[in-house]
Engineer: 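Attaching a single structure in structure tokens format; questions to follow.
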Amino acid sequence: MRYRIIITFFVLLFASTIQAQNERKDIRKGNKAFRQQNYVQAEVDYRKATAKNGRNPQAIYNLGCAFMAQQKDSSAVVQFENASKIETNPKRKAMAFHNIGVICQKKQLFSEAIEAYKESLRNNPSDNETRYNLELCKRQLKNQNNNNNNDKNQQNKNDKNKDNKNKEQQKKDQQDDKDKQQNNQQQSKEQMSKDNAEQLLNAAMQKEKETQDRLKKAMRQSSTRKLERNW
């Protein structure tokens, strides 16, 4: 029984060694493709390595680099985060956080980038590139906040100007309505005056006509009487 256990142990150890060798072979192939800027092939090779060992931080980190080179930033961040959780070497862990910071900074996610750079420096305080990126990112965040405040102030100013314009327009509309109403009233009065004048004129003409009719009638009667006298 003991002999069989020992044999089984060596068989498992041999299988594990073969798998590890194949895994490293895939990583080396991926590295070669990556150096040749064949990032798609590099991704394929690194995926093969992670499929054989999902706990290999080197394969996971390299897969993140292949994603990053293809601008698959979201997938790259996931791989770097996974690698940072598994990696025990502080400098390699710092590289994963550094790359997360670079991606976030490119996306103008400055707060997230700052935290990633800080974590990178905790693991590798001597990384001057990360320290430079951190300071640059802090300035970019400050400028972003200032721009946001300026935009907010400008928006408030625009809103205030808009309100003032609306109030002025409202006053103008009210004045226009008032002027229009007064104009209508004036026109109505003028129309009434015109109508009254026409009525008075018509009445005067009618009266004049009646007077002339009476005068003509009186003259006819006077002429008749004169004729009668002659006879």
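As a basis for the values below, the full set of heavy atoms in this structure was taken, side chains included, without hydrogen atoms, waters or symmetry mates.
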Engineer: I'd like to know whether the aromatic ring centres of Y39 and F34 sit less than 6.0 Å apart in this structure.
Structural biologist: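 Yes; F34 has its ring centre under 6.0 Å from that of Y39.
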Engineer: For residues E129 and N133, is any side-chain donor paired with an opposing acceptor at under 3.5 Å?
Structural biologist: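 On atom types as modelled, these side chains do not qualify, holding no pair under 3.5 Å.
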Engineer: Roughly how far, to the nearest 0.5 Å, is CD of Q79 from OG of S84?
Structural biologist: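 CD of Q79 is found 11.0 Å from OG of S84.
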Engineer: Hydrogens and angles aside, do N31 and Y46 bring a side-chain donor and acceptor to less than 3.5 Å of each other?
Structural biologist: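 N31 vs Y46: donor-acceptor pair found between side chains.
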Engineer: Tell me if a side-chain donor or acceptor on N53 pairs with a main-chain N or O of A49 at a distance below 3.5 Å.
Structural biologist: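 Not a single qualifying donor-acceptor pair exists.
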Engineer: About how many Å separate CD of E112 and CD of Q105, when rounded to the nearest 0.5 Å?
Structural biologist: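 One gets 12.0 Å once the value is rounded to the nearest 0.5 Å.
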Engineer: Do K91 and N123 have side-chain heavy atoms sitting under 4.5 Å apart?
Structural biologist: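 Heavy-atom side-chain distance check fails, nothing below 4.5 Å.
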Engineer: Which pair of heavy atoms, one from G64 and one from A76, lies closest together, and at what distance?
Structural biologist: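 Heavy atoms of G64 and A76 come nearest at O-CB, 3.4 Å.
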Engineer: Is any side-chain heavy atom of K118 closer than 4.5 Å to one of R122?
Structural biologist: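 Yes; the side chains approach each other to less than 4.5 Å.
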Engineer: Applying side chain to side chain contact (heavy atoms under 4.5 Å, CB included) to N99 and Y61, what does each step give before you reach the verdict?
Structural biologist: CA-CA 10 Å; N99 286 351; Y61 173 84; 3.1 Å; yes
Engineer: Please tell me whether S126 and N124 have a donor and an acceptor in their side chains that are separated by less than 3.5 angstrom.
Structural biologist: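 Short answer, yes.
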Engineer: Are any of the side-chain heavy atoms of F80 and M68 separated by less than 4.5 Å?
Structural biologist: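 Yes; the side chains approach each other to less than 4.5 Å.
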Engineer: Test D173 against every option in K171, Q175, Q169 by the side-chain hydrogen bond (donor to acceptor under 3.5 Å, both in side chains) rule and name the one that passes.
Structural biologist: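 So, applying the side-chain hydrogen bond (donor to acceptor under 3.5 Å, both in side chains) to D173 and each of K171, Q175, Q169, only Q169 qualifies.
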Engineer: Answer yes or no: are there more than 12 heavy-atom neighbours, outside Q71 itself, under 6.0 Å from its atom CD?
Structural biologist: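 No - once you tally the heavy atoms of other residues, nucleotides and ligands closer than 6.0 Å, there are 12 at most.
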Engineer: Taking all atoms of both residues into account, what is the closest heavy-atom pair of R131 and P125, and its distance?
Structural biologist: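 R131 and P125 have their closest heavy atoms at NH2-O, 2.5 Å.
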Engineer: With side-chain contact (heavy atoms from CB on, under 4.5 Å) as the test, pick out the partner of R55 among I60, I86, T50.
Structural biologist: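 Among I60, I86, T50, the one that satisfies the side-chain contact (heavy atoms from CB on, under 4.5 Å) with R55 is I86.
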Engineer: Of all heavy-atom pairs between E43 and K72, which one has the smallest distance, and what is that distance?
Structural biologist: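 Looking at all heavy atoms of both residues, the shortest contact is OE1-NZ, 3.2 Å.
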Engineer: Decide if the gap between the ring center of F97 and the ring center of Y117 is smaller than 6.0 angstrom.
Structural biologist: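 Judged by ring-centre distance (under 6.0 Å), F97 and Y117 do not meet the cut-off.
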Engineer: So, taking the atom named CD in Q144 and the one named CG in L109, what distance separates them when rounded to the nearest 0.5 Å?
Structural biologist: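 With rounding to 0.5 Å, CD (Q144) is 8.5 Å from CG (L109).
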Engineer: How far apart are the closest heavy atoms of A94 and S120, and which atoms are they?
Structural biologist: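 For A94 versus S120, the nearest heavy atoms are O-OG, 2.8 Å.
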Engineer: Quick one: are Q174 and Q170 in side-chain contact, heavy atoms under 4.5 Å?
Structural biologist: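 When only atoms from C-beta onward are counted, Q170 and Q174 do touch, with a gap below 4.5 Å.
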Engineer: Hydrogens and angles aside, do D45 and Q41 bring a side-chain donor and acceptor to less than 3.5 Å of each other?
Structural biologist: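 Yes, a side-chain donor-acceptor pair sits under 3.5 Å.
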Engineer: Minimum heavy-atom separation for A33 and A42, please, with both atom names.
Structural biologist: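 Smallest interatomic distance, heavy atoms only, reads CB-N, 3.7 Å.
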Engineer: Verify, without hydrogens or angle tests, whether K93 (side chain) and E87 (backbone) share a donor-acceptor contact under 3.5 angstrom.
Structural biologist: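 Such a contact is found between K93 side chain and E87 backbone.
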Engineer: Please report the closest heavy-atom contact between E81 and I100, naming both atoms and the distance.
Structural biologist: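 Shortest heavy-atom contact: CG-CD1, 3.7 Å.
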Engineer: Thinking salt bridges, do D176 and K180 make one under a 4.0 Å N-O criterion?
Structural biologist: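 Result for this pair is no, no salt bridge flagged.
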Engineer: Does some side-chain heavy atom of R28 sit less than 4.5 Å from a side-chain heavy atom of K25?
Structural biologist: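 They are in side-chain contact.
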Engineer: Quick check: do L141 and N145 have side-chain heavy atoms less than 4.5 Å from each other?
Structural biologist: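 The answer is yes, as the side chains (C-beta and beyond) meet within the 4.5 Å cut-off.
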Engineer: Checking E115 side chain against S111 main chain: does a donor-acceptor pair fall under 3.5 Å?
Structural biologist: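 No, because the side chain of E115 does not come within donor-acceptor range (under 3.5 Å) of the backbone of S111.
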Engineer: Is the closest side-chain heavy-atom distance between V102 and K106 below 4.5 Å?
Structural biologist: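 They are not in side-chain contact.
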Engineer: Between N56 and I27, is any pair of side-chain heavy atoms under 4.5 Å apart?
Structural biologist: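 Yes, at least one pair of side-chain atoms sits under 4.5 Å.
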Engineer: CD/E135 to NZ/K138 distance, rounded to the nearest 0.5 angstrom?
Structural biologist: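 If we round to the nearest 0.5 Å, E135:CD and K138:NZ are 4.5 Å apart.
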